[in-house]
*Asks:* 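Have a look at this one before I ask anything.
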Amino acid sequence: MDVLDFIHDKFSQDRAIGTVLHLVIEHYDLSAEEAQNKIDEYFEIVEAMDHQN
């Protein structure tokens with residue numbers, strides 16, 4: 001599963017941002033900064049999709 005799909009899946013389970021951050025770090029062996037960047041990327045995509053609708 002792609003990291004962005006993983007993040008989407010965890011947020012769809014109503015997980016808190018801190019929990020998702022921790023899960024991404026553990027599951028993908030990323031640094032906290034790398035994981036936060038992926039979460040930020042996810043939110044940018046969601047925001048862009050919201051503006052299209």
*Asks:* Asp50: what forms a side chain to side chain contact (heavy atoms under 4.5 Å, CB included) with it, not counting sequence neighbours?
*Replies:*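 Checked Asp50 against side chain to side chain contact (heavy atoms under 4.5 Å, CB included); matches are Val46.
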*Asks:* Which heavy atom of Ala32 sits nearest to which heavy atom of Ile25, and what is that distance?
*Replies:*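 Between these two residues, the closest heavy atoms are CA-CD1, 3.7 Å.
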*Asks:* Quick check for you: to the nearest 0.5 Å, what is the distance between Leu4 atom CG and Ile45 atom CD1?
*Replies:*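 Reported to 0.5 Å precision, the distance equals 5.0 Å.
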*Asks:* Suppose we screen for side-chain hydrogen bond (donor to acceptor under 3.5 Å, both in side chains). Which residues come up paired with Asp5, at least two apart in sequence or across chains?
*Replies:* none
*Asks:* Please give me the minimum heavy-atom distance between Val3 and Val24, naming the atom from each residue.
*Replies:*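 Closest pair (atom of Val3, atom of Val24, distance): CG2-CG1, 3.9 Å.
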*Asks:* Tell me which pairs pass salt bridge (charged side-chain N to carboxylate O under 4.0 Å, His left out) where either residue lies in residues 12-39, with sequence neighbours left out.
*Replies:*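 For residues 12-39, and leaving out neighbouring residues, the salt bridge (charged side-chain N to carboxylate O under 4.0 Å, His left out) pairs sorted by first residue read Lys38-Glu41.
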*Asks:* Considering residues at least two apart in sequence or located in another chain, which fulfil the side-chain hydrogen bond (donor to acceptor under 3.5 Å, both in side chains) criterion with Asn37?
*Replies:* none
*Asks:* Does the side chain of His22 reach to within under 4.5 Å of the side chain of Thr19, using non-hydrogen atoms?
*Replies:*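 In short, these two side chains do not touch, never coming nearer than 4.5 Å.
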*Asks:* Among residues at least two apart in sequence or on other chains, which ones pass ring pair (Phe, Tyr, Trp, His ring centres under 6.0 Å) with Phe11?
*Replies:* Tyr42, Phe43
*Asks:* Using ring pair (Phe, Tyr, Trp, His ring centres under 6.0 Å) as the criterion, list what pairs up with His27, not counting sequence neighbours.
*Replies:* Phe6
